[in-house]
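Okay, structure first, notes after.
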Amino acid sequence: MRRFLNLSDAGGDAVAAMLSDAIDRKTARAGWPKAKPDADAPLAGHVLAMVFEKNSTRTRASFDIAIRQLGGVPMIMDAGVTQLGRGETIADTARVLSRYADAIMIRTDDHAKAEELAEYASVPVINGLTDLSHPCQIVADLLTVVESGKALPGLELAWLGDGNNVLASLIEAAGLFGFHVRAGVPQGYEPEASFVEAARAKGSRIEVVRDAREAVAGADLVVTDTWVSMGQDHAHNKIAAMAPYQVDERLMAGAKKDAIFLHCLPAHRGDEVVDAVIDGAQSRVWDEAENRVHAQKSILLWALGKL
Ligand code: CP
Ligand code: NVA
């Protein structure tokens with residue numbers, strides 16, 4: 001039984017296959033109505049259950065459209081209106097949803113809950129974001145980088161701000177694809193050590209620096225995210241610590257001339273990024289958001305053994 005709780009559950013070859021499949025499918029349906037199934041409808045008759053214990057716009061909408069484009073149907077389970085929200089166990093929820101759905105996506109606060117769901121489910125489980133990681137986002141990010149004409153091996157990625165779940169999965173991807181990460185983060189907000197160690201063990205250069213200009217120097221790709229993730233305290237001392245890492249035009253100018261800017265969204269304009277950057281010529285954030293659909297399709301196909 002396949003699971004996609006982290007990128008390493010699939011491994012580099014499978015993620016590369018997802019990227020290639022996503023590009024082929026995206027190209028083949030260019031200009032089509034958005035919910036029209038792909039010509040081969042490879043998941044016709046399949047159901048994707050989506051469990052949301054946290055808010056979502058992109059993950060929710062893109063998985064919904066993705067399963068329809070593959071010929072299947074979505075089933076959304078918002079925790080607040082299900083028995084899960086009243087204390088039914090993850091294990092029992094996993095057993096029951098496995099009888100209704102062919103795959104389960106979960107967005108939750110505690111990564112251990114996604115692991116527990118995968119343990120008790122008899123269908124593939126996909127991580128749609130936990131406190132630890134956000135692997136589906138990073139498949140879309142890699143797709144956006146490849147589409148921009150940049151090769152992944154040897155790429156220099158600069159991260160600014162909070163060492164969060166998105167950075168953890170980017171670091172994991174660095175290890176799988178041989179690129180390097182220089183993270184400009186304040187003291188106390190470093191990325192998850194186990195992800196850093198795993199990527200270094202595969203030969204990637206993963207650096208944590210305190211100076212934002214040092215982080216972006218020579219970067220091919222500049223990435224940031226909200227300073228306060230869902231479920232975290234909006235602490236004033238955290239915001240103050242993050243302020244020097246705001247991505248503005250001056251900071252962006254320190255990266256390579258042809259560097260691109262990514263942000264998983266939602267953005268907090270005026271905090272981690274200014275309008276001139278997110279709306280500027282180097283920004284690829286809307287392609288990145290669209291690519292969530294194309295990436296989810298290939299993740300689903302891999303999870304169901306069709307890739
Ligand atoms: N990037 C992302 O996962 O967005 P949502 O929180 O809107 O799903
Ligand atoms: N780091 C953010 C990502 C949102 C898509 C969060 O966890 O809230």
Side-chain angles (χ1 to χ4, degrees), residues 4-7 22 48-67 74 76-80 104-114 126-145 157 159-173 181 183-186 188-192 195 222-235 238-239 241-242 245-247 261-269 271-273 278 283-297 299-300:
F4 191 65
L5 301 188
N6 280 309
L7 295 167
L48 170 67
M50 291 184 263
V51 179
F52 284 99
E53 292 200 295
K54 283 179 165 180
N55 293 50
S56 171
T57 297
R58 279 142 290 269
T59 304
R60 182 178 184 128
S62 61
F63 264 114
D64 190 304
I65 295 301
I67 186 69
I76 294 193
M77 314 286 295
D78 284 312
I104 305 170
M105 188 237 71
I106 181 165
R107 167 168 286 200
T108 186
D109 46 3
D110 184 355
H111 192 79
K113 287 196 200 169
I126 296 170
N127 170 7
L129 181 145
T130 65
D131 57 343
L132 181 71
S133 59
H134 197 2
C136 295
Q137 177 68 50
I138 281 24
V139 180
D141 290 6
L142 299 178
L143 182 56
T144 311
V145 172
L157 184 155
W159 173 272
L160 282 310
D162 189 22
N164 65 13
N165 45 5
V166 174
L167 176 58
S169 291
L170 280 171
I171 289 172
E172 196 179 28
V181 176
V185 303
Y189 299 99
E190 289 81 7
E192 166 66 28
F195 282 67
V222 177
V223 193
T224 189
D225 186 15
T226 180
W227 290 339
V228 183
S229 285
M230 289 181 278
Q232 295 179 343
D233 284 343
H234 202 90
K238 183 173 186 186
I239 303 297
M242 294 291 159
Y245 302 90
Q246 181 189 66
V247 183
F261 172 78
L262 296 183
H263 187 313
C264 65
L265 307 176
H268 300 75
R269 291 163 176 260
D271 281 351
E272 73 271 8
V273 63
I278 195 168
S283 174
R284 296 288 180 278
V285 300
W286 315 121
D287 292 334
E288 182 184 9
E290 178 190 332
N291 280 338
R292 295 295 307 277
V293 175
H294 308 295
Q296 320 295 32
K297 289 166 72 178
I299 293 165
L300 283 165

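Each ligand, and each atom within it, is numbered from 1 in the order the structure gives. These numbers come from the heavy atoms of this one structure, side chains and all, not from hydrogens, waters or symmetry mates.
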Ligand 2 versus Asn165: contacting region, heavy-atom distance under 4.0 Å = side chain
Distance filter under 4.0 Å to Leu129 heavy atoms, resulting ligand 2 atoms =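 In order of numbering, the contacting atoms are 3 (C), 4 (C), 5 (C), 7 (O).
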May I have the step-by-step check of side chain to side chain contact (heavy atoms under 4.5 Å, CB included) for Leu132 and Leu5, ending in yes or no?
-> CA-CA 10 Å; Leu132 181 71; Leu5 301 188; over 6 Å; no
Quick one: do the Ser169 and His134 side chains pair a donor with an acceptor below 3.5 Å?
-> no
Decide whether Glu272 and Thr224 meet the rule of one side-chain donor and one side-chain acceptor closer than 3.5 Å.
->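 No, because no side-chain N or O of Glu272 sits under 3.5 Å from a partner of the opposite role on Thr224.
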Report the member of [options] with the shortest heavy-atom distance to [atom].
atom                   : options                        : result
atom 3 (O) of ligand 1 : His263, Arg58, His134          : His134
atom 3 (C) of ligand 2 : Leu167, Asp225, Thr226, Thr130 : Asp225
atom 6 (O) of ligand 1 : Arg60, Glu288, Lys54, Arg107   : Arg107

Check if Leu265 has a non-hydrogen atom at a distance under 4.0 Å from any atom of ligand 2.
-> yes
Counting non-hydrogen protein atoms only, what is the nearest one to [atom]? Give residue, atom name and distance.
atom                   : answer
atom 8 (O) of ligand 2 : Met230 N, 2.8 Å
atom 7 (O) of ligand 1 : Thr57 N, 2.7 Å
atom 2 (C) of ligand 1 : Arg292 NH1, 3.3 Å

May I have the step-by-step check of side-chain hydrogen bond (donor to acceptor under 3.5 Å, both in side chains) for Ser229 and Asp162, ending in yes or no?
-> CA-CA 9 Å; Ser229 285; Asp162 189 22; 4.5 Å; no
Asp78 with Arg60: basic N within carboxylate O range, under 4.0 Å |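 A salt bridge is present here (some side-chain N lies under 4.0 Å from a carboxylate O).
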Between Gln246 and Trp227, is any pair of side-chain heavy atoms under 4.5 Å apart?
-> yes
